[in-house]
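A short write-up of the structure that comes next.
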There are 2 protein chains.
Amino acid sequence: MPMDAAQWAELGQQLRVDSVRASAAAGSGHPTSSMSAADLIAVLISEHLRFDVDRPDDPNNDHVVFSKGHASPLEYAMLKAVGVIDDDELLTFRKLGSRLQGHPIPNVPLVDVATGSLGQGLPIGVGIALAAQRLDRLPYRVWVLCGDSELAEGSMWEGFEHAAFAGLDNLVAILDINRLGQSTETMHGWDLRSYSSRLGDLGWHAIEIDGHDVEAIDRAYTEAEATAGRPTAIVARTLKGRGVKAVEDQPGKHGKPLDDAEEAVAELGGERSISVPVSKPETHGSPHVFEAPGGSLPSYDVGDEVATRKAYGQALAALGGMRGDVVALDGEVSNSTYSEFFREAHPDRYFEMYIAEQQMIAAAVGMQVRGWRPFASTFAAFLSRAADFVRMAAVSRANLRLSGSHAGVSIGEDGPSQMALEDLAFFRAVYSSAVLYPCDANQAASLVERMAERDGISYMRTTRGATPVIYEAGERFEIGGTRVVRESDDDEVLLIGAGITLHEALSAADALAGDGISARVLDCYSLKPIDVEGLREAAAAAGERVVVAEDHWPEGGLGDAVLGAFADADERPRVVKLGVRHMPGSGKPDELLAEAGIDADAIASAARTLVRGGVPV
Amino acid sequence: MPMDAAQWAELGQQLRVDSVRASAAAGSGHPTSSMSAADLIAVLISEHLRFDVDRPDDPNNDHVVFSKGHASPLEYAMLKAVGVIDDDELLTFRKLGSRLQGHPIPNVPLVDVATGSLGQGLPIGVGIALAAQRLDRLPYRVWVLCGDSELAEGSMWEGFEHAAFAGLDNLVAILDINRLGQSTETMHGWDLRSYSSRLGDLGWHAIEIDGHDVEAIDRAYTEAEATAGRPTAIVARTLKGRGVKAVEDQPGKHGKPLDDAEEAVAELGGERSISVPVSKPETHGSPHVFEAPGGSLPSYDVGDEVATRKAYGQALAALGGMRGDVVALDGEVSNSTYSEFFREAHPDRYFEMYIAEQQMIAAAVGMQVRGWRPFASTFAAFLSRAADFVRMAAVSRANLRLSGSHAGVSIGEDGPSQMALEDLAFFRAVYSSAVLYPCDANQAASLVERMAERDGISYMRTTRGATPVIYEAGERFEIGGTRVVRESDDDEVLLIGAGITLHEALSAADALAGDGISARVLDCYSLKPIDVEGLREAAAAAGERVVVAEDHWPEGGLGDAVLGAFADADERPRVVKLGVRHMPGSGKPDELLAEAGIDADAIASAARTLVRGGVPV
């Protein structure tokens with residue numbers, strides 16, 4: 001039997017009470033930001049949400065994303081109301097070991113992703129809705145609760161724009177316009193029109209309501225459900241701290257428990273224990289399955305010159321034939337990253353995200369919520385645009401595969417704005433990450449397959465220019481491995497490279513041989529995890545003298561990763577780190593490698609000095 | 001004598017011809033993206049720009065930003081037309097050593113900042129316009145040429161929104177709507193209304209024109225100049241590759257020289273040598289100077305407990321009294337970062353940037369163009385939102401001071417979404433950066449002053465919780481230094497910390513003393529530049545045994561920085577790196593430090609094992 005308006009209002013009060021209680025028990029948290037949205041959530045869960053609480057993994061379930069993740073007290077109050085957690089657990093909020101963290105993480109039913117860095121939940125919701133529309137092909141809905149402070153984040157507008165462009169009528173954005181941010185009023189206060197007009201221009205169906213009028217909320221959700229061809233935004237005027245005079249619509253009440261929680265609970269009408277029987281999905285469809293006829297990875301002949309970015313694209317396209325769950329996204333540079341091979345082979349599973357890297361990563365996070373295996377690509381330099389999204393994806397325990405092309409000074413003429421020289425440092429410092437930097441096409445292809453198999457966040461750095469194929473086709477490369485590519489019994493120095501510098505190291509070894517110096521060369525294609533044993537053995541076999549060269553700033557990349565492998569070892573070689581130390585400009589790739597001091601000459605010179613007992617300056 | 005329409009058109013053709021010639025000489029570049037905007041630039045420089053070519057640093061000069069930085073051939077063709085470079089230099093485009101790089105950098109008059117990562121020029125222009133309005137208080141104008149592909153970047157909409165909010169009628173955005181991106185058509189094609197309506201909603205004066213109708217362009221600029229109280233956007237329908245049939249409005253012609261440049265030049269009417277006498281500024285005002293009555297840095301008593309974030313804010317406020325050129329920006333968390341002390345003391349020089357970190361950094365870059373010294377702050381975790389802006393600021397050789405608060409697991413209950421655990425790795429890998437992590441309030445205050453004095457990008461990581469003051473007030477700390485905070489003649493192990501872990505290291509030393517182990521403790525507050533000699537001396541005096549602990553992932557932070565200091569040294573200590581290895585949750589700060597294995601117990605335990613000849617697992 002459906003609930004009536006009075007019951008919805010009661011439920012709203014319960015959600016407020018429980019938000020206040022949870023925050024009081026924790027001694028911290030964001031009750032006032034929860035109270036503004038309580039009525040919006042009350043009506044949602046009692047009338048409109050379709051979710052089988054007993055089967056949280058049912059692919060037909062709706063999804064709810066709290067883009068305003070700091071309203072976690074409300075989210076947990078909601079979980080209690082729908083029977084996912086009990087009252088005892090509610091009061092463990094923010095305590096060590098509790099599932100109910102300060103900001104949501106996907107460790108309980110109904111929570112798909114971590115939020116708490118504002119501006120991310122909506123674009124992630126776009127990704128889930130895209131998965132529903134184009135991958136699963138199921139009619140489930142995605143409801144995203146957004147704050148108004150986060151509407152200042154450009155990423156929200158990337159999401160709004162893409163959702164309209166894709167016609168995502170399965171997406172409902174609920175905008176909780178309580179006007180008050182953390183330290184000041186938002187730019188637009190309660191000017192609902194300032195939001196709804198922009199959304200309307202983009203192609204959204206925007207509905208302005210009083211966010212505490214439960215019947216208006218119900219009508220708006222009903223209208224959203226009936227709206228075809230475009231997403232709906234419910235722009236709701238609300239009061240922060242609604243229902244408790246001491247905090248309602250008051251500045252300075254953000255992010256702290258109420259001074260007198262007991263009194264507040266009394267003012268809200270006391271504790272309640274309404275249990276909401278959430279409606280189950282009306283449909284019982286199975287997710288669409290893409291045909292995967294099989295096939296094999298591309299192979300390349302030793303000695304040919306092939307760019308690893310091209311091998312990435314060709315391997316990804318091949319993988320799409322081998323696995324139906326692989327999907328690809330690109331930031332409007334698919335003809336540079338070569339994800340265009342995948343787009344051409346599997347257009348139904350390719351997503352053009354335009355030049356909106358934050359939305360691209362967010363969409364990938366959304367798709368992996370539903371079990372798809374997204375590979376997202378752009379220039380490595382421009383992945384930095386989405387650094388916070390990658391960081392949060394790790395908090396979400398998301399499984400993402402990322403490829404950044406055009407890394408380093410070796411791109412040449414385009415200049416430093418297009419050269420990733422910090423990507424390895426960034427991705428090494430991402431929780432759960434693997435960081436891969438292949439030097440040839442066969443290695444790149446093999447590693448693309450490993451990335452698909454691996455959980456967590458995998459990053460592959462690819463090279464713009466063609467490099468010689470040095471490995472036989474079909475050789476299998478593991479994440480966490482190395483390869484000794486040149487060795488003898490009397491090696492005096494170890495040259496370590498990856499990607500473009502591996503080839504420079506090989507040339508350096510040739511030059512050193514001419515001087516009578518025997519150099520071992522190690523391909524350290526997996527910067528993280530790094531092959532500690534392989535590195536230690538190779539260094540030991542080469543006189544504990546190491547030169548490591550990278551097309552990257554000297555900080556945080558290959559050199560630092562190599563040093564880490566020896567930090568607490570019994571034998572700690574002398575290591576000379578070669579990296580890019582001055583801001584490069586435009587020039588030919590070879591000129592820039594030489595100018596940066598990371599080419600074969602520089603490596604050979606450093607090795608010579610090291611073997612002769614000195615330290616290169 | 002003013003030019004007439006026919007002359008404007010001729011000048012537009014010259015700019016096209018020179019774009020084609022420069023790209024042909026380089027063998028790469030983006031001539032077609034230049035050709036679409038040539039008429040827009042022709043009318044701008046011949047009629048509306050106010051710039052004294054002989055006095056490029058005149059504070060009354062207008063500013064021109066190519067947000068679509070890949071239209072660099074057009075920018076250099078413009079520089080030739082106005083007499084900043086000659087034709088010989090034009091043809092050095094993209095060659096090693098040339099000032100005319102693949103994408104603009106601020107090494108020639110009229111180019112203030114680097115662009116080439118799309119979506120940045122407009123928000124930087126907002127910063128320059130804010131400087132004009134609120135800092136310099138001069139009537140110069142900022143003209144920003146934007147591409148349409150970059151309008152998919154959320155950062156552009158952060159900029160558009162802030163400009164309207166601030167009423168920047170000195171800002172003109174010129175939108176070159178040529179409809180074609182790199183690999184596909186934009187989402188909105190030639191639907192000018194899709195842009196102008198959104199801009200109008202935000203409060204811009206938006207004018208739709210044919211971007212090849214020079215008289216319409218002139219009228220639009222005149223209208224922009226006459227518009228008070230709000231910024232103007234000129235939404236111009238253009239043809240990519242305009243004027244050359246082989247490429248005009250053709251897909252697949254992005255980012256490459258024309259196949260037959262000679263024929264194209266002929267089709268465009270041949271080479272011209274029109275020289276444009278750019279009008280000088282009509283005003284000769286002096287930039288506003290803020291009073292700086294002097295004062296001194298705050299001081300704290302040894303033994304008191306003060307959060308370094310609070311010392312940051314108080315020191316910044318004091319610095320504002322000592323230097324009139326210091327300004328502050330915050331991402332709507334000024335009561336967390338404590339930039340609120342500056343806001344209260346110097347409201348005229350404080351900029352509330354709301355939750356739009358990209359715009360915040362871009363505004364700071366814009367302000368430093370005019371010689372102001374911006375300090376920008378937010379939670380350290382959320383600075384990652386602007387990672388690409390920081391990267392590009394380094395390419396711009398910008399002088400920025402950044403502070404990130406609430407770093408590491410020691411923030412406690414808010415959980416991992418709010419914990420920066422990768423900021424040190426990121427900022428170490430920024431060109432020109434200094435990376436500082438003070439452990440006490442007096443140190444933080446001293447380093448804030450050092451940051452103001454330093455060029456390049458300086459980053460200070462601050463701590464949420466209060467920590468004991470251990471240094472005397474007035475002690476001067478240098479960037480690049482260390483401090484030995486505990487030592488004896490028979491030290492057996494060196495404990496290295498910074499920020500929160502320095503205090504844990506001190507406690508560990510106390511515990512070790514109880515076991516009869518004498519530990520030296522080093523405060524490595526400057527991660528970059530790092531004090532190589534200080535580290536080597538301290539390790540040598542402590543048995544070449546080192547434990548380094550950081551509230552950060554193990555990759556790229558303090559531990560890696562320390563290892564780098566010993567990489568090629570004669571004596572390379574055994575180093576045990578302690579960092580956060582598992583994703584933290586919510587909990588009390590002490591609980592989380594313990595769980596992460598970076599508290600005093602963990603440090604002491606590692607040190608004990610090391611001294612006893614083992615290696616901690």
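So you know, we letter chains A, B, ... as the sequences are listed, proteins then strands, and number each from 1.
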| task | Check the pair A/Gln120 / A/Glu150 against side-chain contact (heavy atoms from CB on, under 4.5 Å), numbers first and verdict last. | result | CA-CA 9 Å; A/Gln120 302 207 11; A/Glu150 67 176 332; over 6 Å; no
Nearest heavy-atom contact between A/Asp388 and B/Ser384 is OD1-OG, 3.0 Å
Turns out that what part of A/Ser72 lies under 4.5 Å from chain B's heavy atoms comes down to neither
Kindly say whether A/Glu555 contributes a backbone atom to a donor-acceptor pair with the side chain of A/Asp560 at under 3.5 angstrom?
-> no
Looking only at B/Ala114, B/Gly556, B/Ala567, B/Ala387, the option with the highest number of non-hydrogen pairs under 4.5 Å against chain A is B/Ala567
Applying a strict 4.5 Å limit to non-hydrogen atoms, the region of A/Phe389 in contact with chain B is side chain
Honestly, the part of A/Phe165 sitting under 4.5 Å from a heavy atom of chain B is side chain
From the list B/His188, B/His552, B/Gln359, B/Arg193, the residue making the most non-hydrogen contacts under 4.5 Å with chain A is B/His188
Given A/Met392, A/Glu352, A/Glu595, A/Glu158, the one with more heavy-atom pairs under 4.5 angstrom with chain B than any other is A/Glu158
Next on the checklist: Looking at B/Asp414 and A/Arg94, is there a salt bridge between them, counting it only when a charged N and a carboxylate O are closer than 4.0 Å?
Outcome noted: yes
Under 4.5 Å to a heavy atom of chain A? For B/Leu151 that would be backbone
Answer key: most heavy-atom pairs under 4.5 Å with chain A among B/Ala425, B/Gly415, B/Pro416 is B/Pro416
Looking only at A/Gly564, A/Ala569, A/Gly97, the option with the highest number of non-hydrogen pairs under 4.5 Å against chain B is A/Ala569
Honestly, the part of B/Glu185 sitting under 4.5 Å from a heavy atom of chain A is backbone
Interface check, chain A: of B/Ser183, B/Gly102, B/Gly116, most non-hydrogen pairs under 4.5 Å belong to B/Ser183
Ranking B/Pro584, B/Gly27, B/Ser117 by heavy-atom pairs under 4.5 Å to chain A gives rank one to B/Ser117
One option among A/Gln418, A/Glu357, A/Lys577 has the most heavy-atom pairs under 4.5 Å with chain B, and it is A/Gln418
Cut-off 4.5 Å, heavy atoms of chain A, and the answer for B/Gln358 is side chain
**Report entry** 4.5 Å side-chain heavy-atom contact, B/Leu383 and B/Met360
**Finding:** yes
Whatever's closer than 4.5 Å to a heavy atom in chain A on B/Pro573 counts as backbone
Item checked: Worked verdict on B/Val575 versus A/Asp568 for side-chain contact (heavy atoms from CB on, under 4.5 Å) -> CA-CA 5 Å; B/Val575 178; A/Asp568 61 5; over 6 Å; no
Measure up the A/His30 and A/His70 rings against each other and bin them: parallel (under 30°), tilted (30 to 60°), perpendicular (over 60°). perpendicular
Applying a strict 4.5 Å limit to non-hydrogen atoms, the region of A/Ser28 in contact with chain B is side chain
Under 4.5 Å to a heavy atom of chain B? For A/Thr186 that would be backbone
From the list A/Gly587, A/Gly181, A/Ala152, the residue making the most non-hydrogen contacts under 4.5 Å with chain B is A/Ala152
The interface call for A/His582 against chain B, heavy-atom contacts under 4.5 Å, is backbone
Looking only at A/Gln101, A/Glu422, A/Arg391, most heavy-atom pairs under 4.5 Å shared with chain B are made by A/Arg391
Note to self: Both conditions, 6.0 Å and 45 degrees, for the charged tip of A/Arg198 above the ring of A/Trp157: are they met here?
What the structure shows: yes
Check this for me: A/Lys588, atom NZ, are more than 12 non-hydrogen atoms of other residues, nucleotides or ligands nearer than 6.0 Å?
no
When the 4.5 angstrom heavy-atom criterion is applied to A/Arg581 and chain B, the contacting part is backbone
Counting heavy-atom pairs under 4.5 angstrom with chain A, the leader among B/Gly585, B/Ala381, B/Ala356 is B/Ala381
Check your understanding: So, B/Asp330 and B/Arg343, do they make that salt bridge, N to O below 4.0 Å?
Key -> no
For side-chain contact (heavy atoms from CB on, under 4.5 Å), just list the numbers for A/Arg574 and A/Arg545, CA-CA rounded to whole Å, side-chain angles, deciding distance to a tenth of an Å, and then say yes or no.
-> CA-CA 5 Å; A/Arg574 197 191 291 266; A/Arg545 294 181 204 95; 5.5 Å; no
Before giving the answer on side chain to side chain donor-acceptor pair (under 3.5 Å), spell out for B/Gln182 and A/Ser336 the whole-Å C-alpha distance, their side-chain angles and the decisive distance to 0.1 Å. CA-CA 9 Å; B/Gln182 171 173 326; A/Ser336 287; 2.7 Å; yes
Rounded to the nearest 0.5 Å, the CZ atom of A/Arg385 sits from the CZ atom of B/Arg385 at a distance of 12.0 Å
Bottom line for B/Ser396: the part with an atom under 4.5 Å from chain A's heavy atoms is neither
**Message:** Angle between ring planes, A/Tyr354 versus A/His162, binned at 30° and 60°: parallel, tilted or perpendicular?
**Reply:** tilted
From the list A/Asp570, A/Val580, A/Val562, the residue making the most non-hydrogen contacts under 4.5 Å with chain B is A/Asp570
